[in-house]
Asker: 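I have a structure I would like to understand better, so I am pasting it below and will then ask my questions one at a time.
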Number of protein chains: 2
Amino acid sequence: MTGRAADSIVHTITARIHSGALAHGDLLPAERDLMAEFEVSRTVAREAVRILSSQGLIKAKPRHRPVIRKAGFGAAFDAAGSIVDNLLQQPGGVHNLFDTRIMLEAALVREAALSAGKKDIVNLKTALAANGAAIDDNDQFYQTDQQFHAVLYDIPGNPAYPAIHRAYTTWLAPQWGQMPRLADRNRINFASHTAIMDAILLRDPDAAEAALRSHLADAWDQVRLTFGDI
Amino acid sequence: MTGRAADSIVHTITARIHSGALAHGDLLPAERDLMAEFEVSRTVAREAVRILSSQGLIKAKPRHRPVIRKAGFGAAFDAAGSIVDNLLQQPGGVHNLFDTRIMLEAALVREAALSAGKKDIVNLKTALAANGAAIDDNDQFYQTDQQFHAVLYDIPGNPAYPAIHRAYTTWLAPQWGQMPRLADRNRINFASHTAIMDAILLRDPDAAEAALRSHLADAWDQVRLTFGDI
DNA sequence: AAGCATTTTTGGTACGACCAAATAATGATC
DNA sequence: GATCATTATTTGGTCGTACCAAAAATGCTT
């Protein structure tokens, strides 16, 4: 019983989630039940709930019973979310994050060029077509743009990548969301997507990477045009 | 005044940290001072401290005044740490994580081959030499092995990458730490490092990536040999 | 059976109190 | 006067009770 009493409760609940006694979607016992079960004050019970929540193991909305949330890669990024938000407000923060995105997506398109399956190609083509059809609808274009990139993150079949994509889009949304949207820019972006797609179809990783880097570098230029140096 | 009262305190403190009024290393006001300043109960003041702590903005040790900790990429991964630990105990969790490491390091060595500066080359050579000199000292080899990889994460000059490297080594330590260490294996790994280094010196990204992938695939085989399919 | 009003549950907050560890202040000793 | 041991204060950790408001469960009326 070193340190905080809440930690032992957290430990027990965590073990319960691991063992499956508490499954995804189950409700955590109410605070008053926890204090009875663990023989602690409500202060400690609340603290335990708060910790579990900050760790992403449960989802606690005000005045609602906390819900068990099975650990996934997405939950991991959620846990990091608030601190990343702070990070992004520091000088260079957004650029550093976007830089990692460029690097990762460059690797993803190489992977796609080398080993995309028939299903992946179909998904890419579908996403690209939807993107092209939405050039005159800014909101729709924004959606399908993200969807096209999302397909790239799906190709490796590793659940970590889609979670990373969601994290990127969430964290960078404040910038993207405020950027002016114009049909002309949509056309340019669609052309970039098409170039990436073509390179993948040609199974040319170098060309795919080059097209992707050009695309994202261009996107970054737009961010700087809108926000200045950040 | 929607939702939790603690959030507004968190918001104020966060703003204070951003503005520099509270700098890295400063001590947060005591809980009893916070409740006076914000005119709330100690319950709420404590909750605010806990939230700030879970967000990594402060470091709170039991019975010590909380210390301001400027948010860094490292803190973001710390926040995600406990979830990732859970995640890794699920089937395929370790593999999925290691897979992202392979992808990222492959991208890093390509980057290194294309644009490593003189300083970077020196750092790589130094790390490689230290690694080679430690072949017969398993602990030392483990250290220098990590250090060699760390240099790769330093090359882009983006603070996110070193943080990612620390996260990988921390999260995967349970596996790596339990793996048998033999001089023969050290020799193989050192040879792999040398091959990567050579490819970088030749400015050959494809060869560098191939060498890196071979190296990490081999490392994964060792993990599976030790732990079975995980 | 459907709609509505009432009771119970549940999280959010407040106040007051005590403990133990850590720190600051004090005084004794050399 | 500097150093060390002792006391006083600060500070976080825990407990208990109480009240509120929103949400959920319940019961009642039609």
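Per chain, numbering begins at 1; letters A, B, ... match sequence-line order.
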Asker: Apply salt bridge (charged side-chain N to carboxylate O under 4.0 Å, His left out) to B:Asp154 and list each qualifying residue two or more places apart in sequence or on a separate chain.
Answerer: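 For B:Asp154 there are no salt bridge (charged side-chain N to carboxylate O under 4.0 Å, His left out) partners, ignoring immediate neighbours.
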
Asker: I'd like to know if B:Glu47 and B:Arg50 make a salt bridge, using a cut-off of under 4.0 Å between side-chain N and carboxylate O.
Answerer: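 Yes, B:Glu47 and B:Arg50 are salt-bridged.
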
Asker: Rounded to the nearest angstrom, tell me the gap between atom CD1 in B:Ile9 and atom P in C:dG12.
Answerer: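 In whole Å, C:dG12 P lies 15 Å from B:Ile9 CD1.
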
Asker: Would you say the side-chain atoms of A:Thr14 pair up with the backbone N or O of A:Val10, donor to acceptor, closer than 3.5 Å?
Answerer: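 Yes, A:Thr14 side chain to A:Val10 backbone: donor-acceptor pair under 3.5 Å.
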
Asker: Residues in salt bridge (charged side-chain N to carboxylate O under 4.0 Å, His left out) with B:Asp78, at least two apart?
Answerer: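 With neighbours one apart ignored, the set is B:Arg69.
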
Asker: Any side-chain to backbone donor/acceptor pair from A:Asn158 onto B:Asn96? Under 3.5 Å, distance only.
Answerer: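 Indeed, once roles are kept as given, a pair shorter than 3.5 Å links the two residues.
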
Asker: May I ask you to list the residues of residues 27-39 of chain B, by number, that have any heavy atom positioned under 4.0 Å from an atom of DNA chain D?
Answerer: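 Per residue number, the list reads B:Ala30, B:Glu31, B:Arg32.
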
Asker: Quick check: does any side chain N or O of B:Thr226 sit under 3.5 Å from a backbone N or O of B:Gln222, one acting as donor and the other as acceptor?
Answerer: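 Indeed, once roles are kept as given, a pair shorter than 3.5 Å links the two residues.
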
Asker: Residues in salt bridge (charged side-chain N to carboxylate O under 4.0 Å, His left out) with A:Arg16, at least two apart?
Answerer: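 If we apply the salt bridge (charged side-chain N to carboxylate O under 4.0 Å, His left out) test to A:Arg16, skipping adjacent residues, the hits are A:Glu37.
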
Asker: Taking only residues two or more places apart in sequence, or in another chain, which ones meet A:Glu105 in a salt bridge (charged side-chain N to carboxylate O under 4.0 Å, His left out)?
Answerer: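 A:Arg101.
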
Asker: From CG of A:Asp7 over to P of D:dG13, roughly how many Å is that when rounded to an integer?
Answerer: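 For the pair A:Asp7 CG and D:dG13 P, the rounded distance is 10 Å.
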
Asker: Does anything in residues 40-53 of chain A come within less than 4.0 Å of DNA chain D? Heavy atoms only, and list the residues if so.
Answerer: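 Result for residues 40-53 of chain A: A:Val40, A:Ser41, A:Arg42, A:Thr43, A:Val44, sorted by number.
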
Asker: How long is the line joining CZ of B:Arg65 and P of D:dG12, in whole Å?
Answerer: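 Answer to the nearest Å: 6 Å.
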
Asker: Any side-chain N or O of B:His64 less than 4.0 Å from the OP1 or OP2 oxygen of D:dT10?
Answerer: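 So the side-chain polar atoms of B:His64 never come under 4.0 Å of the phosphate oxygens OP1 or OP2 of D:dT10.
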
